[in-house]
There are 2 protein chains.
Amino acid sequence: MAAALYICSTRTICCPLAARFPRLILIYSPSWLLYRSSVETHSELVTPMNLKADKFTVSCQHCSLNALCLPDTLSENEMIEVDHVVKRGKPYQRGQILFEAGSPLTSLFAIRSGAVKSYNIDENGEEQVIGFFLPGEILGFDGLERKRHESSAKALETTGVCEIPFLQVEVLSRTIHNLQSQMYRLLSREIRQDQELQMLLAKKTAEERIGTFLMGLSIRYEQRKLSANRFRLPMARTDIGNYLGLAVETVSRVFTRLQGNGVLSVDGKEVEILDRAQLCGIAHLECTLTD
Amino acid sequence: MAAALYICSTRTICCPLAARFPRLILIYSPSWLLYRSSVETHSELVTPMNLKADKFTVSCQHCSLNALCLPDTLSENEMIEVDHVVKRGKPYQRGQILFEAGSPLTSLFAIRSGAVKSYNIDENGEEQVIGFFLPGEILGFDGLERKRHESSAKALETTGVCEIPFLQVEVLSRTIHNLQSQMYRLLSREIRQDQELQMLLAKKTAEERIGTFLMGLSIRYEQRKLSANRFRLPMARTDIGNYLGLAVETVSRVFTRLQGNGVLSVDGKEVEILDRAQLCGIAHLECTLTD
DNA sequence: CGGGACCTTGAAACTTATCAACTGTCGTGG
DNA sequence: CCACGACAGTTGATAAGTTTCAAGGTCCCG
């Protein structure tokens with residue numbers, strides 16, 4: 001197997017990369033240039049600079065995220081059928097808008113790399129963050145009913161996306177039973193997750209919200225074969241507060257407090273979970289991973 | 001057309017009744033016995049006492065709620081196919097549990113009459129209300145992924161339910177395209193509504209939450225051909241507070257304040273919207289119905 | 001008629017929001 | 001190269017809204 005060093009300041013997995021380099025090594029450094037010298041000894045250096053969409057485009061069958069994404073549970077042949085309807089465009093830059101609320105919806109969007117936030121603008125013109133999406137996760141389920149986007153989506157960093165035309169999924173799912181089940185599962189999961197967030201917002205304190213949020217990210221990163229205890233927040237503090245129903249200042253203060261308790265180590269967007277058991281306690285979760 | 005007087009202290013529409021009596025008259029009285037004398041002049045008196053499940057059982061085709069429920073958009077023949085898999089049991093009494101979190105899920109539940117709350121028990125043993133369901137609405141979508149109920153459901157009053165076996169819906173929806181679309185629509189709608197609630201809980205004040213909640217109920221009652229401005233709350237204040245992330249006392253105080261402003265008239269569970277425009281303003285909604 | 005559940009009201013306490021100021025970083029342009 | 005402004009994050013002081021605690025009232029059902 002080929003090995004590669006993937007150095008990326010945004011530190012999120014990139015599905016085409018993982019497919020080309022099964023033994024991909026991710027170096028965690030906010031300043032990737034520092035590592036250039038040590039990189040030369042490796043078989044191949046991959047950086048955001050030489051990463052080109054066409055070179056790294058992969059099919060669903062070869063995507064390392066397929067077990068987390070729509071093709072999960074599909075057979076090889078079924079996956080190929082799905083793959084044929086998937087459209088892969090060029091990456092979105094940080095801050096670029098994927099779609100806006102109200103625009104017609106014809107496709108679901110699967111994140112291939114990077115990160116996205118979805119949000120709404122309320123009657124005062126204030127942004128209202130609804131969710132964050134990591135590689136392998138799918139946006140747009142809220143718009144199927146009225147066939148238009150009910151929320152907007154913006155790239156939080158350089159983000160690759162797979163477009164999945166909904167009409168064709170609808171047709172395919174009549175013959176591919178696994179696909180039909182998977183669609184129901186994904187929709188159902190989103191409902192469950194939204195309800196969990198409702199409970200969070202209805203009852204929990206600032207600290208519990210942040211704790212749960214960080215644990216949620218940690219678990220999602222772990223599913224993506226990234227470090228569960230050391231990661232980079234793709235979103236700003238404002239977005240976190242907005243999402244959790246807290247003021248930015250409160251988010252900042254809770255981060256400071258958790259650092260004081262030795263639970264976290266925070267440096268800007270870099271987060272390290274130092275005492276996972278305690279963080280699980282704050283989030284009212286069973287601690288699954290030993291630190 | 002036959003006319004009937006339907007007197008029911010709980011004041012929620014009953015689908016079999018509506019099917020038998022297209023010109024159903026609903027008398028709004030918390031104490032229905034007072035009206036007995038005036039009732040004699042009508043063609044038929046229907047009360048909760050002489051309402052028997054077998055007598056009033058109806059098929060989807062004849063159900064007045066079918067446009068709000070799963071069969072919406074289905075043709076006559078398609079509706080008959082769906083109807084064949086639907087199971088209709090005897091009504092649940094107030095306080096009775098329809099299902100509990102964790103139990104295996106094989107069916108979706110459509111409310112035919114009455115009202116239901118769904119809730120979870122958190123780590124402190126506290127109840128966490130997730131939603132309220134009125135006739136024509138469907139519970140259980142959150143459990144499709146793991147094939148088990150993710151929340152419990154309890155009847156808030158005498159409640160009739162249609163059980164819809166999910167496996168059979170899955171099979172039927174492969175041939176009945178309208179059914180497939182409708183399932184996606186219903187799932188998608190639930191996601192959208194959950195996200196709206198998220199925004200409510202994340203940002204709004206107590207008054208805005210209650211205002212939005214009441215307007216939501218009003219609109220749902222209106223869709224069910226009941227009065228939009230005068231209705232009975234099927235749930236306790238505790239449940240409302242629990243659902244909206246507020247203490248009971250706060251709910252009570254806001255009700256009192258809205259009464260003082262002349263927006264509402266509240267008498268126990270009886271609510272009358274006196275100034276709909278103002279209530280819409282509080283809820284940040286466009287006022288659709290003139291008072 | 002009595003007991004319990006539900007609702008209301010008041011006063012005090014607490015959490016979080018708001019306002020204001022300051023720091024550091026980043027990219028731009030002189 | 002450095003000055004500059006814009007922006008994100010932090011921290012402190014104050015204010016506001018909501019919760020909590022406590023008590024009393026009402027309604028309904030047995």
Side-chain angles (χ1 to χ4, degrees), chain A residues 9-10 30-31 33 93-95 117 124 126-129 154 156-157 200-211 213 232-260 264-271 282, chain B residues 9-10 29-34 48-49 93-95 117 124 126-127 129 154 156-158 200-211 232-260 264-271 282:
Chain A
S9 65
T10 60
S31 156
L33 281 167
Q93 292 305 307
R94 177 193 159 90
K117 71 171 171 185
N124 309 318
E126 300 283 323
E127 195 174 287
Q128 250 295 356
V129 176
K154 189 180 273 187
L156 293 168
E157 52 192 54
L200 188 84
L201 294 171
K203 290 263 183 311
K204 311 258 173 131
T205 64
E207 196 164 277
E208 291 171 315
R209 295 185 201 196
I210 304 257
F213 175 71
R232 189 185 160 81
L233 300 171
M235 71 294 283
R237 298 283 190 277
T238 320
D239 292 328
I240 299 177
N242 205 316
Y243 176 63
L244 297 176
L246 300 170
V248 205
E249 293 93 330
T250 307
V251 177
S252 187
R253 274 185 255 268
V254 172
F255 272 35
T256 310
R257 200 185 320 151
L258 290 176
Q259 245 184 135
L264 295 179
S265 156
V266 183
D267 175 22
K269 294 195 157 51
E270 298 290 320
V271 173
I282 292 168
Chain B
S9 65
T10 60
S29 157
S31 157
W32 69 272
L33 280 167
L34 295 177
M49 281 63 174
Q93 293 303 307
R94 177 193 161 89
K117 72 171 171 186
N124 309 317
E126 301 282 322
E127 195 174 288
V129 176
K154 188 180 271 187
L156 293 167
E157 54 193 53
T158 307
L200 187 84
L201 294 170
K203 289 264 185 312
K204 311 258 171 131
T205 65
E207 195 163 279
E208 290 171 316
R209 295 184 200 196
I210 304 255
R232 188 186 161 82
L233 300 171
M235 71 294 283
R237 299 282 190 279
T238 320
D239 292 327
I240 299 177
N242 204 317
Y243 176 63
L244 296 176
L246 299 170
V248 204
E249 293 92 331
T250 308
V251 177
S252 187
R253 276 185 253 269
V254 172
F255 273 36
T256 310
R257 200 187 318 151
L258 291 177
Q259 245 184 132
L264 294 180
S265 156
V266 182
D267 175 21
K269 294 195 156 53
E270 298 290 319
V271 172
I282 291 169

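In this text the structure is predicted, and so the values were computed from the model without any measurement. In what follows, every chain begins at residue 1, and chains take the letters A, B, ... in the order their sequences are listed.
Taking atom CD of A/Glu249 as the reference point, atom P of D/dA16 lies 16 Å away to the nearest angstrom. When rounded to the nearest whole Å, the span between CG of B/Asn242 and C1' of D/dT19 equals 14 Å. Taking atom CE on A/Met235 and atom P on D/dA8, their separation rounds to 15 Å, with Å as the unit. Residue A/Asn124 contributes atom CG, which lies 12 Å from atom P of C/dT18 at whole-angstrom precision. Between the C1' atom of D/dT10 and the CG atom of A/Asp267 lies a distance of 13 Å, rounded to the nearest Å. Rounding to whole angstrom units, CG of residue B/Leu246 and P of C/dC14 are separated by 21 Å. Look at CG on B/Leu258: it is 16 Å from C1' on C/dT9, rounded to the nearest Å. If you measure from atom CZ of A/Phe255 to atom C1' of C/dT16, you get 17 Å, rounded to the nearest angstrom.
For a distance-only test at 3.5 Å, the side chain of B/Arg253 qualifies as a donor-acceptor partner of the base of C/dG10.
Regarding contacts with the backbone of D/dC27, every side-chain N or O of B/Lys269 stays at 4.0 angstrom or more from both OP1 and OP2. Side-chain nitrogen and oxygen atoms of A/Thr256 include at least one within less than 4.0 Å of the OP1 or OP2 phosphate oxygen of D/dT11.
Between B/Glu270 and B/Arg232 there is a salt bridge, with a side-chain nitrogen of the basic residue lying less than 4.0 Å from a carboxylate oxygen of the acidic one.
A/Lys204 comes within 4.0 angstrom of nothing in the nucleic acid, heavy atoms only. Heavy atoms of A/Gly245 sit under 4.0 angstrom from primed sugar atoms or phosphate atoms, though from no base atom.
Heavy atoms only, all atoms of each residue included: A/Ile240 and A/Met235 are closest at CG1-CG, 3.5 Å.
Side-chain atoms of A/Ala247 lie closest to C/dT18 of the nucleotides D/dT19, D/dT18, C/dT18. Listed nucleotides D/dT19, D/dG9, C/dT16 differ in distance to A/Ala206; the shortest reach to its side chain belongs to C/dT16. Residue B/Thr250 places its side chain closer to D/dT19 than to any other of C/dC7, C/dT16, D/dT19.
A distance-only check finds a donor-acceptor pair linking the side chain of A/Glu208 to the backbone of A/Thr205 [under 3.5 Å]. Counting only distance, with no hydrogens or angles, the side chain of A/Asn242 and the backbone of A/Glu127 share a donor-acceptor pair below 3.5 Å. Between the side chain of B/Arg237 and the backbone N or O of B/Thr250 there is no donor-acceptor pair closer than 3.5 Å.
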